[in-house]
Amino acid sequence: MNPDQALLAGDNRGYFRRYYFGPRGPEAPTIARAEGIYFWDSLGRRYIDATSGPVTCNLGHGNAAVLDAMIEQARKACFAWPAIFKSEANLAMAEHLSRLAGEDYDCPFVVCGGSEAVESALKFARQHAIAIGQPARWKVISRHPAYHGGTLGAAAVTGDEVSDEVFGPMMRSMPKVPAPFTYRLEPGETPEERARSAAQALAEEIERQGPETVAAFIMEPIGGLATGALIAPDLYYRHVREICDRYGLLLIYDEVMSGAGRSGRFLAAHHWPEARPDLVVLAKGIGAGFTPLGLMLASAEMVDCVAAEGGFLHGHTYNANPLTCAVGLAVLQETERLDLIANAARMGRLLEAELRAIMANAPIVGDVRGRGLLQAIELVADKESKEPIPMAHNVIGRICALAMEEGLAIYSRVPNAGKFGQWLMMTPPLIVQEDEVREIARLLAKVLARVTDELTAEGLVA
Ligand SMILES: Cc1ncc(COP(=O)(O)O)c(C=O)c1O
């Protein structure tokens, strides 16, 4: 049996997918090649990459300049351990990053992905507290729901009850405060009031924990899959910054999904310049799928403070390896050369308008939210009551499967077993053009209409 026949028969054999589906599971096409915003499978079928994989492939696929940089660096030196050698690629990437991110973020700690970068930020916040003479600070408050990664430290700040139930006994789950959802409000409540009380909940939690024990607060400034591109009213960001200052906490922005230009600014933090975080975590789009890359950005001042007290007690084998840094640098250069941050802002506005047009006609789309090319639509059984579609109907799974039939590749899953709602991310590569945005929207509308028909026939949608 060739690989395609095996998958058509639902045979997962030695595939990675077997961990999730067992030896026999849902079919999946075999990737043959990818270029621009498209994938082709081994049977020659084409799919639009509507979500950049899991919000990763910012430059689309097959960017020639990045591939050239990869080969050039690989020929020079793929690997040289940073304790023994400095690399030009590391320095050049750091300088480029600091120009785009801002001068307070001039010291990237270079790792292989989002979870490692979050772990780095948690440990760095703890060591920084010790270094400035406040060793009682170790707790990191986060939001519920939230996603910060799959490793146990990152899972401790992740707000997901399903993960907590299984892995809770193995880790020290950190305190949580409510995420500032504004889609479902109490009667008479405004989004601003909800945002204010969500920020106030942070102050109360710090008081409850004992302010002298809290090292940091971590949040996604624009939500990822855990909240469906949740974006709070502006006052939330100011209030959170002010609370962190008041109690002497570090503010960490997890920009694994929202950073690297996707929101229409290089950092999502740049949308709220008056509320700058102390540490920023990047991954996904910063390596853009060309290399496993994650970063914690910190100021040289903070880094030197930790270094002066004996140095950062944290590291990985692949830290700042020259190949990854060279590819990361090429991704940044291409992001600028192709003016992709401005394109993300422009195409984001178009995508949002297209999604709002879909919402106007689709009985199961209750909300559209996000910024730039980080957009999401929330699915409901009833727009008036905002009642979610019962999980048993697997609406997200059905949409993703039908979308594949239509040639639209969508990454999605339902966080927190659907307790806070169900949504679909719409996050195409930053190279996407106007006609492609319209095509994504046309196919999505078609898929949603098919699913709505099925749900209506099942008596779920009036
Ligand atoms: C906001 C956020 N933080 C952290 C992570 C973990 O990143 P990785 O999967 O690269 O470890 C993710 C992954 O989806 C994420 O969305």
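For ligands, and for the atoms within them, numbers begin at 1 and follow the listed sequence. If you read the sequence from its start, that first residue is 1, and numbering goes on from there.
Of all the heavy atoms in V331 and G285, the pair that sits closest is CG1-O, 3.9 Å.
Donor-acceptor pairing under 3.5 Å is recorded for the side chains of N321 and T324.
Sorted by chain and number, the residues within 4.0 Å of ligand 1 by heavy atom are G113, G114, S115, Y147, H148, G149, E220, D254, V256, M257, K284.
Judged by the 6.0 Å and 45° rule, K386 forms a cation-pi pair with Y183. For the pair R196 and Y237, the cation-pi test (distance below 6.0 Å, angle within 45°) is failed.
The aromatic ring centres of Y15 and Y19 sit 6.0 Å or more apart. The ring of H61 has its center no closer than 6.0 angstrom to the ring center of Y38.
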